[in-house]
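One structure below.
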Amino acid sequence: MRTLPLLLAAALISFLPLNAQGQQGSHGHGNHHMHHSSPTPAVPSKENVHAAHQHDIGPAGETYDLRYIDAMVKHHEGALLMSEFVFDIGSPGVGALANEIWDDQANEIKAMGQWRKAWYPEAPIYPVAYLPGGDPNSMNGLTRMSAKQIAAMQMIDSTPTKKTRVTWFLEGMLHHHGAALMMAHDALKKSTNPTILGLSRNIVVAQSGEIFQIRRMLQFDGLNKPEYHNYDSLFAW
């Protein structure tokens, strides 16, 4: 079921040296002609507006890819933590989906860490975020990502019980993926780095597909809320 996304993640890691070699000194910000229009919800819901605010990476610029990497790594870490609550669930495939999400996003975290070291060797070792009003082309325009910002990226605001963990995981991961789609579309608009653009397109494809799976699993439990469709306009890039 997840062969394609796993191959995409492996491919991303495999072409790191080529991109890193070609982008030293410029951090990979060159002209790129594969941009696509990035749709946004025609009528944003309150949940979409809140998620977009919490996951704002800041304006385009020389440090955009660094900010995107740090934000997406923290976001992925939240998915890993959420998945671990349901690894042992057998039916209707929730545990298998959790394990697949964990594997895929762990691979992407590893790849992003390699890119960060290659492209931004002068960056602080801690995750950074845009400093409002700062220069998006300078390290001086960045600040250390706060605990509140990290928590917002990870999107884990509760702990499930054994009885509630399946619905907690499925609903939480659906919205978690929705926020990742927003971030990916932001990168497709603002980044010029082919590797970041490729990762973002893969996130859109893989996580949109997982949202469909999650909705089917929720329907199996008799759940079909309108909010489950908040991100449908973000399924294409």
Side-chain angles (χ1 to χ4, degrees), residues 27-29 38 40-41 44-85 101-102 104-117 119-160 168-169 171-191 193 195-196 199-200 203-204 207 230-231 234:
H27 305 307
H29 291 279
S38 300
T40 54
S45 68
K46 292 181 180 179
E47 292 84 357
N48 285 346
V49 171
H50 178 70
H53 175 72
Q54 293 293 326
H55 293 78
D56 184 19
I57 301 167
E62 288 297 315
T63 65
Y64 179 84
D65 294 334
L66 173 62
R67 288 178 267 130
Y68 178 81
I69 286 171
D70 285 357
M72 192 61 80
V73 164
K74 290 304 173 186
H75 190 71
H76 276 18
E77 287 176 357
L80 303 191
L81 294 170
M82 292 171 66
S83 297
E84 291 168 2
F85 280 100
I101 289 173
W102 199 101
D104 289 351
Q105 300 206 16
N107 281 336
E108 290 178 354
I109 287 172
K110 180 180 178 181
M112 286 187 282
Q114 293 173 343
W115 301 338
R116 190 185 198 274
K117 289 179 182 179
W119 302 341
Y120 297 96
E122 76 280 24
I125 60 171
Y126 50 77
V128 297
Y130 178 64
L131 182 64
D135 182 356
N137 297 305
S138 169
M139 290 289 173
N140 293 328
L142 306 178
T143 185
R144 183 169 190 160
M145 193 180 293
S146 68
K148 184 176 180 181
Q149 287 172 313
I150 291 173
M153 286 295 170
Q154 292 181 338
M155 294 180 67
I156 303 176
D157 57 5
S158 64
T159 301
W168 175 90
F169 168 75
E171 290 190 334
M173 191 59 73
L174 187 152
H175 293 298
H176 199 275
H177 278 8
L181 297 184
M182 292 181 186
M183 294 168 68
H185 278 285
D186 190 69
L188 290 171
K189 293 176 182 176
K190 297 176 183 176
S191 179
N193 183 324
T195 305
I196 294 297
L199 171 66
S200 299
I203 287 173
V204 171
Q207 298 199 20
N230 282 350
Y231 313 102
L234 301 175

So, taking the atom named [atom1] in [X] and the one named [atom2] in [Y], what distance separates them when rounded to the nearest 0.5 Å?
X	Y	atom1	atom2	answer
H75	D70	NE2	CG	14.5 Å
E77	M82	CD	CE	14.0 Å
I101	H76	CD1	NE2	10.5 Å
K189	S200	NZ	OG	12.5 Å
R116	L66	CZ	CG	5.0 Å
N140	L131	CG	CG	9.5 Å

query: Quick one: do the Y64 and N137 side chains pair a donor with an acceptor below 3.5 Å?
result: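 Y64 vs N137: no donor-acceptor pair found between side chains.
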
message: Quick check: closest heavy atoms across G178 and L234, and the distance to 0.1 Å?
response: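 That would be O-CD1, 4.3 Å.
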
Do the side chains of [Y] and [X] get nearer than 4.5 Å, heavy atoms only?
X	Y	value
M153	M183	yes
W119	N193	yes
I196	L188	no
Y130	P59	yes

- prompt: Does a sphere of radius 6.0 Å around CH2 in W168 hold more than 12 heavy atoms from other residues, nucleotides or ligands, not counting ones at 6.0 Å or beyond?
  reply: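 Buried by this count: over 12 neighbours within 6.0 Å.
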
